[in-house]
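Just so you know, these numbers use all the heavy atoms, side chains as well, and skip hydrogens, waters and symmetry mates. Every chain is numbered from 1, with letters handed out A, B, ... down the list of sequences.
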Amino acid sequence: MNPVVRFAPSPTGQLHIGGVRTALFNYLFALKNNGTFLLRIEDTDIERSKDIFTEQIIESLGWLGFKYQGNPIKQSSRTKRYQEVIEYLLKTGSAYRCFATVQELDKLRNEKDNYLYPRIWRDRSEKEIEDKLQKKENYVIRIKIPLNGNIHFEDLVYGDINTDCSELDDFIIARSDGTPTYNFTVVVDDHDMQVSHVIRGEDHISNTPKQILIYDALKWDTPEFAHLPMILGSDGKRLSKRHGAVGTQTYRDLGYLPDTLINYLALLGWNPGTEDEVFNFQFLMDNFSLEKINKKAAVFDNKKLDWLSGQHIMKSESEELLDSIRSIKPDWAPNGLSDEYLFSIISHLKGRSKTLLDIINQSEYFFNDPIKYDQNAVAKCWGEDTSELLKSFAEKALTCLDWKDESIEACINDFSEKKYVSKGKLIQSLRVSICGSLTGPSMANLMSLLGKETCIRRLNNAQKILSE
RNA sequence: GGCCCGUUCGUCUAGUGGUUAGGACUCCAGGUUUUCAUCCUGGCAACAGGAGUUCGAUUCUCCUACGGGCUACCA
């Protein structure tokens, strides 16, 4: 039997980085085992769920390249089915109506330190319930938890988990407005979707026994469960908005590649046992297994993400990088420049960039003459004799007919020799004049890329400023 | 409070009943490089604590501490 897995986010915000990890592990598991990956939108919380978030989640999954089969299933479209199952549970005595009010329960809760719903409506007579129904009083539906017994399941990551029934509430499966709650819908959906492996966050371990009881009441088979360790912020607390960027789209806008995020997240709580840590998707797909998942919660480390990002950028083709850059900054580079020219720029910058944003930020001098010159660089490289130096170098450059890397290099070498100027000093002066800063690709590369005309113009500009 | 889960360098992790406890990121010091980045070399740095089992425990068991999760008419 081929496995069926699902990713089931609730559309109450951007796709969270923790959600991406859960989706990724589900997806990898499906790919590795020739299974099916499904998407389900858990929007039973009408208050907080928004369509816009559903769209964003789908868009983010697309950006990451996670392909789910068929259309996403929305819980909000399954009300009828939930009602049908609830009816069945009611009829078979596995669930019951509870007419206790919120206020009433709050009061009880405050009286006790260790509160469990006291089951005050569990064994009322039919007449009593009929009575209340006649009066149209509000009620919720609760599941009838066995009074004693033990619930056991074997988690594929955490191993044996045992829970005593006495620990469990008769929890609510349908609210007073009739809408079903999470622990109930998740069971009905997973069953109906024929999910074979439930792979989700560790925060659901405690929910699992409750869900198993519903499977039991319905006489349905339970799926396998695999819980994933949490991802924490640098303070060791559960990752949340307080830790800054947690939304997938934010990471995209910050200039991270999908492969970087996937690679990093895969390494959080899982590792293939290799010393190398830079992986492409294919490798993950081939090597993924639930057995290698850790139990320990992992802290999200932006420094390592940045390093990994640099690795992926460096390895990426310039063509791909250009596409990615355009997707986050469509107006990067002035109109009229050929893609070939932009590829060259990218190939010179990608080795010294951690993110796409780094490439964008460093590319300014390829497009415009420097307006401002970095003060540090000026102090370091521009002296009294620089004006004269630039002037005579510009004159020499003018005579360089074949404006290519090698000839420019030769020109620089020759000038340095004849004028008794150290090559380093010369180049740094040129760099400040041409780029406005002290960092960047090799000078001859840069000059050939910018073109003779541009270089000489910039040298003249700098010389003018210096002689003022 | 109750229940559940976890605990190897600052972080991500490997690992075994006997190892100089390995790697990666970060940080520091050198080197290469016209600059930056890369790259190379070296360095700092961990088995939470206590008992038990054992000839021997980081590894097995128990307890404690600490951290996280659940305990909603959230998911």
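- Crowding of A:Lys391 atom NZ: a count of heavy atoms from other residues, nucleotides or ligands under 6.0 Å not exceeding 12.
- A:Asp235 pairs by the side-chain hydrogen bond (donor to acceptor under 3.5 Å, both in side chains) definition with A:His243, not counting sequence neighbours.
- In this model, the phosphate group of B:A75 is approached by a side-chain N or O of A:Arg175 to a distance below 4.0 Å at OP1 or OP2.
- Non-hydrogen atoms lying under 4.0 Å from RNA chain B are contributed by A:Ala100, A:Val102, all within residues 100-107 of chain A.
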Notebook entry, point to check: For nucleotides 28-46 of chain B, read 5' to 3', which letter fits each nucleotide if B means a protein heavy atom sits under 4.0 Å from the base, S means only the sugar-phosphate is that close, and - means neither?
Noted result: ------BBBSS--------
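- With sequence neighbours left out, the ring pair (Phe, Tyr, Trp, His ring centres under 6.0 Å) criterion links A:His204 to A:Tyr182.
- Among residues at least two apart or in separate chains, side chain to side chain donor-acceptor pair (under 3.5 Å) pairs with a member in residues 254-267 of chain A are A:Tyr256-A:Asp306, A:Asn263-A:His312.
- Residue A:Thr44 is classed as a sugar-phosphate contact, given heavy-atom separations below 4.0 Å to backbone atoms only.
- Listed by first and then second residue, the side chain to side chain donor-acceptor pair (under 3.5 Å) pairs involving residues 269-281 of chain A are A:Glu277-A:Lys304 (not counting sequence neighbours).
- Side-chain contact annotation: A:Thr208 with A:Arg200, donor-acceptor N/O pair under 3.5 Å present.
- For A:Arg142, there are no side-chain hydrogen bond (donor to acceptor under 3.5 Å, both in side chains) partners, not counting sequence neighbours.
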Just the table, please: protein N/O against nucleotides 65-70 of chain B N/O, every pair under 3.5 Å.
residue	atom	partner	partner atom	Å
B:G68	OP1	A:Lys237	NZ	2.3
B:G69	O3'	A:Arg238	NH1	3.4
B:G69	O2'	A:Asp203	O	3.4
B:C70	OP1	A:Arg238	NH1	3.2

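- Take A:Pro223 and apply the side chain to side chain contact (heavy atoms under 4.5 Å, CB included) test, not counting sequence neighbours, and it matches A:Val198, A:Tyr215, A:Phe225.
- Pairs engaging residues 435-447 of chain A under the salt bridge (charged side-chain N to carboxylate O under 4.0 Å, His left out) rule: none recorded [sequence neighbours left out].
- Phosphate proximity of B:A75 to A:Arg200: absent, as no side-chain N or O sits under 4.0 Å from OP1 or OP2.
- Applying a 4.0 Å cut-off to non-hydrogen atoms, the residues of residues 258-276 of chain A that approach RNA chain B are A:Leu267, A:Leu268, A:Gly269, A:Asn271, A:Glu275, listed by residue number.
- Nucleotides of RNA chain B nearest to A:Asp160 and A:Ser176 differ in position, and the one nearer the 5' end is that of A:Asp160.
- Contact check of residues 72-80 of chain A against RNA chain B (heavy atom, cut-off under 4.0 Å) returns no residues at all.
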